[in-house]
Asks: 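The following block contains the structure, expressed as structure tokens.
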Amino acid sequence: MRWSVWALLLAAGVGRGQGELLQNPGLEGAHTAIAAGWTDNVWGQPRPVVSYAADPHDPREGRLAQTVNVSALPPGSGVILRQMVTFRAGHTYQARVWLRGDPGLQVTVQLRRSGQWYDSAAIRIVTLTAAWQQVVIRGGWGEEVPGFLGLAARGVGRFSVDAASLVEVSDETTAAAPPGRAIPPEFWGIHLNKLGSHNVWPDLGAGLLRLWDSGTTWAHLQPEPTRWNWTRLDYYLRHVATHAPGTAVMLTLGITPAWAAPPGGRAMYGGTTLPPRDLATWRTYVRTVSERFRGRIRYWEIWNECDVNVFYGGTPAQLLELARAAGEELRAVDPANTVLTPNVTRTGLAWLAEYLALGGGELADVISFHRYPSPRPEDDLPEYVGLQDLLAAHGLGGKPLWNTEGAVSAALPGGDTSAPGAVARAWLTQWCQGIGQFSWYCWDIHWPGGANLSQTLTGPAVTPAGAALRELITWLRAVKVTAREVRGPLWTLTLDRPTGPAHLLWTIGDPLDHPLPAAWQPTRWRRLDGRSGTLTSPLRLDGEPLLVE
């Protein structure tokens with residue numbers, strides 16, 4: 001490999017150490033309260049009552065453990081034993097702690113942002129016993145985040161912590177194998193929100209249409225107890241049948257009509273964000289819409305962004321009952337229906353942990369979430385790891401994980417010139433990390449400074465980014481990604497295609513010259529803008545994935 005490539009790899013951190021990041025991870029030292037290197041965060045009025053002590057009785061390691069005794073925890077208050085850490089953008093971290101305490105007491109272990117929105121990148125809700133148990137969590141953020149490893153009792157009681165650790169495991173993240181199956185058509189999803197102001201079907205090759213912000217919520221469909229309004233939903237389904245027959249459709253349920261909701265909810269889309277007063281009205285709605293569109297709508301998502309009070313104002317337990325009822329109705333109407341969990345945003349991992357702890361994951365066929373990819377989509381991998389780690393802890397690691405809403409909406413460093421590469425990599429990085437579906441939001445909404453797929457809001461013309469996505473979908477139809485190799489900024493994907501093997505290559509950051517392995521025996525290259533040519537080595541690579549075949 002040429003020196004220029006090695007220099008870039010070293011600058012990106014290849015071969016970096018993975019030493020301990022915590023001070024005093026064993027919580028040792030002469031202390032009568034909180035061990036050196038650790039602090040607490042206490043909030044609420046009235047305040048919680050908490051005390052700390054060194055625990056010399058049968059520590060997990062060393063001479064001491066740390067005991068936390070919460071004797072009062074008023075509603076709306078809290079206390080976290082924590083150690084502050086700055087988490088690097090795009091890096092995955094693994095935390096380990098040993099816990100014991102009052103049997104039945106629950107403790108939350110998390111990697112959490114210390115500022116707004118105080119979101120968790122990794123989290124576990126642990127039920128304690130009198131014996132030591134190890135808790136392991138993994139995750140990170142797509143941007144640099146001042147945060148902490150924190151432990152918080154979820155009720156009154158005493159617990160002890162010992163033998164903590166925090167290390168970087170980014171190499172493990174990128175070493176994970178891609179899914180061992182061909183990329184399905186529904187992986188390529190799209191939102192189309194403004195039919196009526198136009199009648200375009202995006203010429204992209206998308207295999208799934210998610211209906212949200214499209215005038216098709218429960219409040220729109222059933223404006224009165226005995227009156228149904230199917231006009232808008234019928235319009236969408238006719239549009240799909242006319243322009244893209246065979247395209248799968250996902251309907252996101254929810255937004256309770258005002259007539260069915262208790263008072264006090266936030267108004268939204270002509271309805272309210274509160275769950276209905278009577279579960280029977282929800283059952284009637286789900287059963288009626290699924291019967292009418294049996295075989296035409298295959299995917300059913302229980303609620304939109306339930307961790308955000310703009311869309312949902314109830315509790316996880318209330319939504320669990322809605323999900324249970326909806327699943328029963330949908331499967332009774334058509335066993336082929338696929339049920340998705342209510343989705344959460346990137347700040348909703350703690351909400352999802354609560355929901356899964358109640359058993360919500362077992363009620364669904366697919367786990368749904370929302371993540372708007374970064375301008376460097378590779379930086380988002382730690383957030384996907386945090387989700388997958390939480391699912392695995394609940395025995396749900398085998399369930400599909402879908403990102404049903406997102407776009408490269410933040411300003412791109414390279415402006416429009418970097419949009420084709422960022423869009424293509426947003427899909428590629430998610431597939432490689434085990435995300436089974438991604439729905440772009442939105443064909444007919446434009447992101448200032450971000451990546452847009454359409455030239456105008458009402459016309460059929462695609463942007464260079466839209467053309468790049470269309471080309472990528474063509475390249476990867478019925479294709480398996482059999483391997484992923486990441487060496488610093490250089491990504492290489494190995495493809496198993498019906499027409500023969502191939503590779504996708506790109507680099508993060510500055511372009512570089514890459515000598516091609518002789519074993520590949522490639523003959524030509526293709527770019528996402530449709531250009532192609534005969535191969536020479538070394539090959540010039542940049543942020544736009546290049547097909548080598």
Side-chain angles (χ1 to χ4, degrees), residues 183 185-192 200-208 244 372-380 403 406-432 435 437-457 459-479 481 484 489-493 495 497 502-511 514 524-533 539-549:
I183 300 175
E186 63 266 21
F187 174 64
W188 314 96
I190 192 74
H191 289 78
L192 190 65
V200 171
W201 179 258
D203 180 23
L204 299 171
L208 182 143
Y372 279 66
S374 302
R376 290 197 348 171
E378 297 80 4
D379 289 345
D380 303 331
N403 183 2
V408 183
S409 58
L412 292 158
D416 290 343
T417 60
S418 60
V423 168
R425 287 153 46 208
W427 261 278
L428 290 170
T429 52
Q430 290 187 74
W431 178 259
C432 288
I435 309 303
Q437 200 279 327
F438 175 44
S439 290
W440 185 271
Y441 188 97
C442 173
W443 168 262
D444 38 18
I445 289 177
H446 282 181
W447 299 105
N452 300 303
L453 304 182
S454 62
Q455 292 280 9
T456 67
L457 295 179
V462 298
T463 62
L469 175 60
R470 180 174 57 200
E471 185 75 1
L472 183 68
I473 294 173
T474 301
W475 288 356
L476 297 181
R477 191 165 288 131
V479 167
V481 181
R484 165 182 55 176
L490 177 64
W491 277 61
T492 303
L493 307 184
L495 309 181
R497 308 180 304 169
H503 295 84
L504 275 173
L505 301 95
W506 71 89
T507 183
I508 308 168
D510 295 331
H514 179 58
R524 64 194 300 261
W525 55 263
R526 284 202 275 166
R527 297 195 67 89
L528 288 169
D529 61 5
R531 290 181 293 155
S532 62
L539 192 62
R540 188 70 168 172
L541 299 176
D542 56 25
E544 192 172 310
L546 190 73
L547 181 66
V548 174
E549 56 185 0

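The figures here come from the full heavy-atom set of this structure, side chains too, leaving out hydrogens, waters and symmetry mates. Keep in mind the model is a prediction, meaning the values are calculated, not measured.
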Asks: Run the salt bridge (Lys or Arg N to Asp or Glu O under 4.0 Å) test against Arg470 and tell me which residues pass, sequence neighbours left out.
Replies: Asp203
Asks: Using every non-hydrogen atom in the two residues, find where Ala411 and Pro375 come nearest and quote the distance to one decimal.
Replies: O-CG, 3.4 Å
Asks: Which residues satisfy the ring pair (Phe, Tyr, Trp, His ring centres under 6.0 Å) test with Trp447, sequence neighbours excluded?
Replies: Tyr372
Asks: Report the C-alpha separation of Asn452 and Trp443 in whole Å, then their side-chain angles, then the decisive distance to 0.1 Å, and conclude whether the side-chain contact (heavy atoms from CB on, under 4.5 Å) test is met.
Replies: CA-CA 8 Å; Asn452 300 303; Trp443 168 262; over 6 Å; no
Asks: Could you check if a side-chain atom of Phe438 sits within less than 4.5 angstrom of a side-chain atom of Pro373, using non-hydrogen atoms only?
Replies: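 With C-beta onward as the side chain, the pair touches.
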Asks: Using ring pair (Phe, Tyr, Trp, His ring centres under 6.0 Å) as the criterion, list what pairs up with Trp525, not counting sequence neighbours.
Replies: none
Asks: Going from OG1 on Thr417 to CD on Glu544, what distance comes out if it is rounded to the nearest 0.5 angstrom?
Replies: 9.5 Å
Asks: Got a sec, which residues hit salt bridge (Lys or Arg N to Asp or Glu O under 4.0 Å) with Arg540, two or more places apart in sequence or on another chain?
Replies: Asp513
Asks: Is there a side-chain contact between Pro464 and Asp529 (heavy atoms, below 4.5 Å)?
Replies: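 No; the side chains remain at least 4.5 Å from each other.
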Asks: So which atom in Ile183 and which in Phe187 form the shortest heavy-atom distance, rounded to 0.1 Å?
Replies: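 Reported closest heavy-atom pair: CG2-CD2, 3.6 Å.
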Asks: Could you tell me which residues satisfy salt bridge (Lys or Arg N to Asp or Glu O under 4.0 Å) with Asp542, sequence neighbours excluded, listed by chain and number?
Replies: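 So Asp542 forms a salt bridge (Lys or Arg N to Asp or Glu O under 4.0 Å) with Arg527.
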Asks: Could you report the tightest heavy-atom contact between Pro545 and Leu504, atom names first, then the distance?
Replies: CB-CD2, 4.3 Å
Asks: Kindly write out the residues that satisfy side-chain contact (heavy atoms from CB on, under 4.5 Å) with Ser439, not counting sequence neighbours, or none if the list is empty.
Replies: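 His191, Leu208, Arg210, Gln437.
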Asks: Can you name the closest pair of heavy atoms from Ala465 and Val423 and give their distance?
Replies: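 It is CB-CG2, 3.9 Å.
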Asks: Just by distance, do the side chain of Arg425 and the backbone of Gly543 share a donor-acceptor pair under 3.5 Å?
Replies: yes
Asks: Assess the residue pair Trp188 and Trp440 against the criterion (ring-ring contact (aromatic ring centres under 6.0 Å, His included)); give the C-alpha distance rounded to whole Å, side-chain angles, the decisive distance to 0.1 Å, and a yes or no.
Replies: CA-CA 8 Å; Trp188 314 96; Trp440 185 271; over 10 Å; no
Asks: Among residues at least two apart in sequence or on other chains, which ones pass ring pair (Phe, Tyr, Trp, His ring centres under 6.0 Å) with His503?
Replies: Trp520
Asks: Who passes side-chain contact (heavy atoms from CB on, under 4.5 Å) against Ser374, sequence neighbours left out?
Replies: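 Here the qualifying residues are Arg371, Asp380.
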Asks: Are any non-hydrogen side-chain atoms of Trp427 and Leu476 less than 4.5 angstrom apart?
Replies: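 Trp427 vs Leu476: side chains apart.
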Asks: Restricting to non-hydrogen atoms, name the atom on Ala422 and the atom on Leu412 that form the minimum distance, rounded to 0.1 Å.
Replies: CB-CD2, 3.7 Å
Asks: According to side-chain hydrogen bond (donor to acceptor under 3.5 Å, both in side chains), who are the partners of Glu471, at least two apart in sequence or on a separate chain?
Replies: Trp475
Asks: If we count only N and O atoms by modelled type, under 3.5 Å, do the side chains of His446 and Ser454 hold a donor and an acceptor together?
Replies: yes
Asks: Taking all non-hydrogen atoms of both residues, which atom of Val408 and which atom of Ala426 are closest, and how far apart?
Replies: CG2-CB, 4.1 Å
Asks: Quick one: pull up CG in Asp510 and OG1 in Thr507 and give me the separation to the nearest 0.5 Å.
Replies: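 Spacing of CG (Asp510) from OG1 (Thr507) equals 8.0 Å.
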Asks: Roughly how far apart are Ile508 CD1 and Glu378 CD, rounded to 0.5 Å?
Replies: 3.5 Å
Asks: Do the non-hydrogen side-chain atoms of Val462 and Leu453 ever get within less than 4.5 Å of each other?
Replies: no
Asks: According to the salt bridge (Lys or Arg N to Asp or Glu O under 4.0 Å) rule, which pairs have a member within residues 408-424, sequence neighbours left out?
Replies: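 Output for this query is empty, none listed.
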Asks: Nearest 0.5 Å, please: how far is CG in Leu192 from CH2 in Trp201?
Replies: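 Output value for this atom pair is 6.5 Å.
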Asks: Residues two or more places apart in sequence or in another chain: which of them pass side-chain contact (heavy atoms from CB on, under 4.5 Å) with Ala502?
Replies: Leu495, Arg497, Leu547, Glu549
Asks: Please determine whether side-chain contact (heavy atoms from CB on, under 4.5 Å) holds for the pair Leu493 and Leu505, giving the CA-CA distance in whole Å, both sets of side-chain angles, and the decisive distance to 0.1 Å.
Replies: CA-CA 6 Å; Leu493 307 184; Leu505 301 95; over 6 Å; no
Asks: Return the set of residues passing side-chain contact (heavy atoms from CB on, under 4.5 Å) with Ala468 (not counting sequence neighbours), or none when no residue passes.
Replies: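 Per chain and number, Ala468 pairs via side-chain contact (heavy atoms from CB on, under 4.5 Å) with Pro420, Leu528.
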Asks: Go through it in stages, so that I can follow the logic: the residues are Leu204 and Ile190, the test is side-chain contact (heavy atoms from CB on, under 4.5 Å), and I'd like the CA-CA distance, side-chain angles, deciding distance and then a yes or no.
Replies: CA-CA 9 Å; Leu204 299 171; Ile190 192 74; 4.1 Å; yes
Asks: Report the C-alpha separation of Trp491 and Arg484 in whole Å, then their side-chain angles, then the decisive distance to 0.1 Å, and conclude whether the side-chain contact (heavy atoms from CB on, under 4.5 Å) test is met.
Replies: CA-CA 7 Å; Trp491 277 61; Arg484 165 182 55 176; 3.4 Å; yes
